[in-house]
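Below is one structure, written out as structure tokens; the observations come after it.
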There are 2 protein chains.
Amino acid sequence: MEVLPSHIQLNVNQRIFLKNPESSDLGKKIISGSIDMIDEMGFESFTFRKLGQHIQSTEASIYRYFENKHRLLLYLINWYWNWIDFRLIYLIANIEDPTEKLRRAITLLTQSNEVDNNFQHVNEIKLHRIVIAESSKTYLTKEVEEENKEGLFKSFKQLVERVSGFISDVNPEFKYPHMLVSTVIEGAHHQRFFAAHLPMLTDQLHGEDSINNFYQDLVFKALKSKDDE
Amino acid sequence: MEVLPSHIQLNVNQRIFLKNPESSDLGKKIISGSIDMIDEMGFESFTFRKLGQHIQSTEASIYRYFENKHRLLLYLINWYWNWIDFRLIYLIANIEDPTEKLRRAITLLTQSNEVDNNFQHVNEIKLHRIVIAESSKTYLTKEVEEENKEGLFKSFKQLVERVSGFISDVNPEFKYPHMLVSTVIEGAHHQRFFAAHLPMLTDQLHGEDSINNFYQDLVFKALKSKDDE
DNA sequence: CATTATTGATAGTATTACTATTATATTTGC
DNA sequence: GCAAATATAATAGTAATACTATCAATAATG
């Protein structure tokens with residue numbers, strides 16, 4: 001995919017941050033530094049104190065941007081989904097056939113390692129690994145319902161909604177479009193993680209992108225109505 | 001399902017704990033107390049200090065059983081998968097038809113709320129909710145590979161292996177049995193969580209167990225070979 | 001140039017995640 | 001029935017985490 005025009009900015013829900021990290025140098029360093037560190041040490045070991053040292057700033061300064069590290073992670077994940085949604089729109093522009101739209105969406109959502117488009121201060125390869133390993137932790141909490149009311153999962157929901165629409169275009173009879181989409185997205189992430197760290201929980205065949213093949217097949221078979229058989 | 005004979009004990013890999021919690025009253029209180037508390041407050045807020053207060057013991061005493069709360073969670077999750085595996089064996093005993101075996105397995109793995117069989121000191125309903133909300137956190141860590149070498153994910157792997165076997169019996173040509181099984185198990189958990197807390201990410205139809213129906217359908221369509229169509 | 005906003009430096013608090021020590025039960029072996 | 005071993009409780013202590021508060025220095029803006 002081509003580089004995003006530099007005048008476009010991906011806007012994340014204002015309520016995630018205290019002060020927009022896009023609005024200052026320090027803010028951008030917080031984003032790029034946290035991506036480096038979370039990817040390297042994992043979200044549990046990551047702290048604002050360590051981030052402060054890494055970007056030559058202080059804990060207190062970072063707290064002026066984000067209430068806590070959970071909100072920072074939410075910011076990164078929302079940014080990622082906005083970015084994917086943007087790319088999806090681009091990918092299906094001018095395509096009429098709903099099946100082809102859906103096929104492309106699945107490829108985007110299950111892809112292995114995206115190239116780093118060097119989009120500003122965000123390293124996409126690292127961010128993608130973070131999404132795989134850490135994104136479930138944003139919602140698997142006791143605060144999920146309140147945070148949902150605050151709109152902190154909006155980007156993901158919007159993407160799921162869009163792809164669910166393609167599914168309904170392909171087969172309007174299919175009863176579970178959202179379930180299918182969220183199964184594919186989260187499933188593909190887990191399978192990527194398994195492939196890297198717990199390979200006996202998945203199947204990697206030589207010379208193919210098994211995860212993409214598996215989910216393409218799964219979705220289109222699921223959408224076949226009985227009459228087609 | 002009938003109550004498990006009381007002489008049967010589900011044994012969890014020895015390396016998870018420092019001292020077997022099944023071996024003493026305190027140990028059993030640690031298990032039942034932690035299930036209550038993790039279900040109620042979530043794993044992040046749960047601490048050994050709080051657990052000590054809850055079961056009228058001390059932090060230091062609990063540390064003699066488990067190195068840390070992560071290991072305790074691993075214990076609970078492994079116990080759960082051993083229990084499910086045991087029930088699966090029971091469910092398919094004397095059944096010949098591989099399709100029926102698989103159908104039953106999927107029902108077991110995607111079921112909503114199991115009845116509490118009052119198995120000793122373990123509240124299964126609460127444990128099931130814990131598995132749904134917390135089990136991914138056992139492996140989404142930087143230590144996953146070392147812990148895997150220690151055998152800390154053995155129970156889950158064993159279950160996935162068993163059900164993958166049923167899949168291969170139904171369709172020996174199918175290339176991704178492990179991927180399909182782990183997608184179904186983890187997917188069903190996430191869908192249960194979504195249904196409870198983020199309903200726009202799933203589809204719940206009135207008067208049916210949509211999650212079970214969805215995954216039954218998904219699996220059997222995925223396993224249909226082209227010749228059957 | 002004065003005001004305001006932003007950052008850095010420093011310090012402080014409550015809680016967490018442990019480890020260590022000692023006294024007191026409790027169990028078990030003989 | 002008693003000594004020895006073991007398990008638990010009570011207490012204390014440490015380093016790190018997750019913040020909050022204060023104030024001075026610097027930069028941006030009107």
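In what follows, every chain begins at residue 1, and chains take the letters A, B, ... in the order their sequences are listed. Keep in mind that the numbers below use all heavy atoms, side chains included, and drop hydrogens, waters and symmetry copies.
Taking the ring centroids of B:Y65 and B:Y75, they lie at or beyond the 6.0 Å cut-off.
Listed by chain and number, the residues in a salt bridge (charged side-chain N to carboxylate O under 4.0 Å, His left out) with B:R64 amount to none (sequence neighbours excluded). A:F214 is linked by a ring pair (Phe, Tyr, Trp, His ring centres under 6.0 Å) to B:Y176, counting only residues two or more places apart in sequence or in another chain. Residues forming a side-chain contact (heavy atoms from CB on, under 4.5 Å) with A:S164 (at least two apart in sequence, or on another chain): A:V160, A:P177, A:H178, A:V181. B:S45 is linked by a side-chain hydrogen bond (donor to acceptor under 3.5 Å, both in side chains) to nothing, counting only residues two or more places apart in sequence or in another chain. In this structure, B:H70 has no ring pair (Phe, Tyr, Trp, His ring centres under 6.0 Å) partners at least two apart in sequence or on a different chain. Residues that satisfy the salt bridge (charged side-chain N to carboxylate O under 4.0 Å, His left out) test with A:E67, not counting sequence neighbours, are absent from this structure. For the side-chain contact (heavy atoms from CB on, under 4.5 Å) test, residues two or more places apart in sequence or in another chain that qualify with B:R49 are B:T47, B:Q53, B:E59.
Within 4.0 Å (heavy atoms only), A:F66 reaches no atom of the nucleic acid at all.
Rounded to whole angstrom, the span from the CG atom of B:L73 across to the P atom of C:dA17 amounts to 13 Å. For the pair B:R71 CZ and C:dC18 C1', the computed distance is 15 Å after rounding to whole Å. To the nearest angstrom, P of D:dT6 lies 17 Å from CG of B:L18. Put simply, CG on B:N20 is 12 Å from P on D:dA7, counting in whole angstrom units.
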Pull out every protein N or O sitting under 3.5 Å from an N or O of nucleotides 26-29 of chain C, one pair per line with the distance.
none

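Screening residues 20-37 of chain A for salt bridge (Lys or Arg N to Asp or Glu O under 4.0 Å) gives A:D36-A:K126 as the qualifying pairs, with residues at least two apart or on separate chains. Pairs engaging residues 136-155 of chain B under the salt bridge (Lys or Arg N to Asp or Glu O under 4.0 Å) rule: B:E44-B:K137, B:R71-B:E150, B:E134-B:K137 [sequence neighbours left out].
Between B:Y65 and D:dT8 there is a side-chain polar atom (N or O) within less than 4.0 angstrom of OP1 or OP2.
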Check your understanding: Quick one: what's the B/S/- string for nucleotides 10-29 of chain D, heavy-atom cutoff under 4.0 Å, read 5' to 3'?
Key -> -B-----SBBBBB-------
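The stretch residues 22-36 of chain A has no heavy atom under 4.0 angstrom from DNA chain D at all.
The cationic atom of A:K69 (NZ for Lys, CZ for Arg) does not lie both less than 6.0 Å from the six-membered ring centre of A:F48 and within 45° of the ring axis.
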